[in-house]
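Keep in mind the model is a prediction, meaning the values are calculated, not measured. Protein chains get the first letters and strands the later ones, always in sequence-line order, with residue 1 at the start of each. Worth knowing before you read on, the calculation uses all heavy atoms, side chains too, and leaves out hydrogens, waters and symmetry mates.
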Number of protein chains: 2
Amino acid sequence: MKPSPSHADVPLQLWVVLARAFDAVERHSRASIARFGLGTTEFGVLEVLYHKGELPVCEVQRRILVESSSTTYVVDKLVKRGLVRRRHSGTDRRVVLLTLTSAGRRLIQRIFPPHAHAMRRAVTALPPREQAQAVRLLRTLGLGAAERLEGNEGG
Amino acid sequence: MKPSPSHADVPLQLWVVLARAFDAVERHSRASIARFGLGTTEFGVLEVLYHKGELPVCEVQRRILVESSSTTYVVDKLVKRGLVRRRHSGTDRRVVLLTLTSAGRRLIQRIFPPHAHAMRRAVTALPPREQAQAVRLLRTLGLGAAERLEGNEGG
DNA sequence: GTCAAGTATCTCGATTTCGAGACATTTGTG
DNA sequence: CACAAATGTCTCGAAATCGAGATACTTGAC
């Protein structure tokens, strides 16, 4: 889950601190979401549908960063709880579109603001200026790593 | 798994890009480690014992970022594969100390260098200067978030 | 010494996640 | 049109992870 602590190997240090920072911030997220009786991926689905409107399953999958079989599993649970509805796309019959039910919308409307508040608090160790700097660096890092991944999975 | 894309809410953006960057880099790690028939947490245990020597289970747990019950599970597997040995501490009989067997040592010696190489490549989207900057920012972010977590889990 | 509280490890059951691949559909090529 | 390749979704079984709590030991207060 996390690599080596060399004394001057900055790339490996970067990987270590990235993993640790993600872990710590994600614990805030988990704890915040757990208050509302949801898991992080369930929350992720509701949240993306709330902010983006109706989306195909594959699009939701990309945004919540889990594999397709897990996405099916999570969506199943949300459908059973009456928070999300599936419908077939008219233009591409492979595609299943997801939307919030009104109950789902009411739920996410209620819980998103306190969750966002918790996440803002989770990252306050960094002052605004450095947050913006970190956003830039992490965006570059993430996009670069993702690009290097396609068709080149072996490293 | 990942939050909201607001237009000027830098803290939430930071959480989004942190999650994405971690995910992308971790995929490199997973893929690299999978070449050698190991999972990421198994690799983590071998790696920390390789670099730190004999350690108590609880110390290993802190470093591989999983819960204690998962640590037991992973160590069990490594012991069954003859890569790691358990022994009781002489000074504190609650403690179980872990060491690499010679087979474990040979394995991690062989696979660590190519894995480190893969991880260095995974983060090359950032030039050295910005890597060092990112290390500083992420360290502050992670330590701050971890601190805010203790005894304050609700957000 | 004794007892409560804290710490380290492990057990167990349940949940989450993955990976491989099945299936239907669409897209691109001739 | 026909057919190969790509894409989107889902099924299934296996693996990883967690959470609660059991157990054993240590520490600190008295």
Using whole Å, report how far CD of A:Glu42 lies from C1' of D:dC18.
15 Å
Figure out the CZ/P separation between B:Arg27 and C:dT17, and round it to whole Å.
13 Å
Distance in angstrom units between A:Gln61 CD and C:dT16 C1', rounded
15 Å
Hey, can you pull the residues of residues 69-79 of chain B with a non-hydrogen atom under 4.0 angstrom from DNA chain C?
B:Ser69, B:Thr72
For A:Arg93, what residues pass the side chain to side chain donor-acceptor pair (under 3.5 Å) criterion, not counting sequence neighbours?
none
Carefully, step by step, assess A:Arg30 and A:Asp23 under the rule salt bridge (charged side-chain N to carboxylate O under 4.0 Å, His left out).
CA-CA 10 Å; A:Arg30 262 190 211 293; A:Asp23 181 72; over 6 Å; no
Identify, with sequence neighbours excluded, every residue that meets side-chain contact (heavy atoms from CB on, under 4.5 Å) alongside B:Glu59.
B:Leu55, B:Pro56, B:Arg62, B:Arg63
Is the distance from OP1 or OP2 of C:dC10 to the nearest side-chain N or O of B:Arg86 less than 4.0 Å?
yes
Toward the 5' end of DNA chain C, by each residue's nearest nucleotide, A:Gly90 or A:Gly39:
A:Gly39
So, does B:Ser68 get its side chain near the phosphate of C:dC10, meaning an N or O under 4.0 Å from OP1 or OP2?
no
Quick one: bend of the helix from C:dG1-D:dC30 to C:dG30-D:dC1 from 5 pairs per end, to 10°?
40°
Spacing between B:Leu55 atom CG and C:dA8 atom P, to the nearest angstrom
13 Å
Would you please name every residue forming a salt bridge (charged side-chain N to carboxylate O under 4.0 Å, His left out) with B:Arg139, sequence neighbours left out?
none
Check the distance between C:dT17's C1' and A:Ile64's CD1 and give it to me in whole angstrom.
11 Å
Qualifying residues under salt bridge (charged side-chain N to carboxylate O under 4.0 Å, His left out), relative to B:Glu67, sequence neighbours excluded
A:Arg27
Could you state the atom-to-atom distance from CD of A:Glu67 to P of D:dT11 in whole Å?
17 Å
Side chains of residues 96-106 of chain A: which donor-acceptor partners sit under 3.5 Å, not counting sequence neighbours?
unit_1	atom_1	unit_2	atom_2	d
A:Thr101	OG1	A:Gly82	O	2.6
A:Thr101	OG1	A:Leu83	O	3.2
A:Thr101	OG1	A:Ala103	N	3.4
A:Thr101	OG1	A:Gly104	N	3.0

Suppose we screen for side-chain contact (heavy atoms from CB on, under 4.5 Å). Which residues come up paired with B:Thr124, at least two apart in sequence or across chains?
A:Arg148
Check the distance between D:dT23's C1' and B:His88's NE2 and give it to me in whole angstrom.
13 Å
For A:Ser69, all residues meeting side chain to side chain donor-acceptor pair (under 3.5 Å), sequence neighbours excluded:
none
Backbone of A:Glu47 reached by a side-chain donor or acceptor of A:His51 within 3.5 Å
yes
Going by side chain to side chain donor-acceptor pair (under 3.5 Å), name the residues that satisfy it together with A:Arg87, two or more places apart in sequence or in a different chain.
A:Glu54
Within this structure, what is the CZ-to-C1' distance between B:Arg81 and D:dA15, rounded to whole angstrom?
13 Å
If you restrict it to nitrogen or oxygen atoms, what contacts under 3.5 Å exist between nucleotides 3-8 of chain D and the protein, and what is each distance?
unit_1	atom_1	unit_2	atom_2	d
D:dT7	O2	A:Arg94	NH1	2.9

With sequence neighbours excluded, what pairs up with B:Arg81 under the salt bridge (charged side-chain N to carboxylate O under 4.0 Å, His left out) test?
B:Glu42
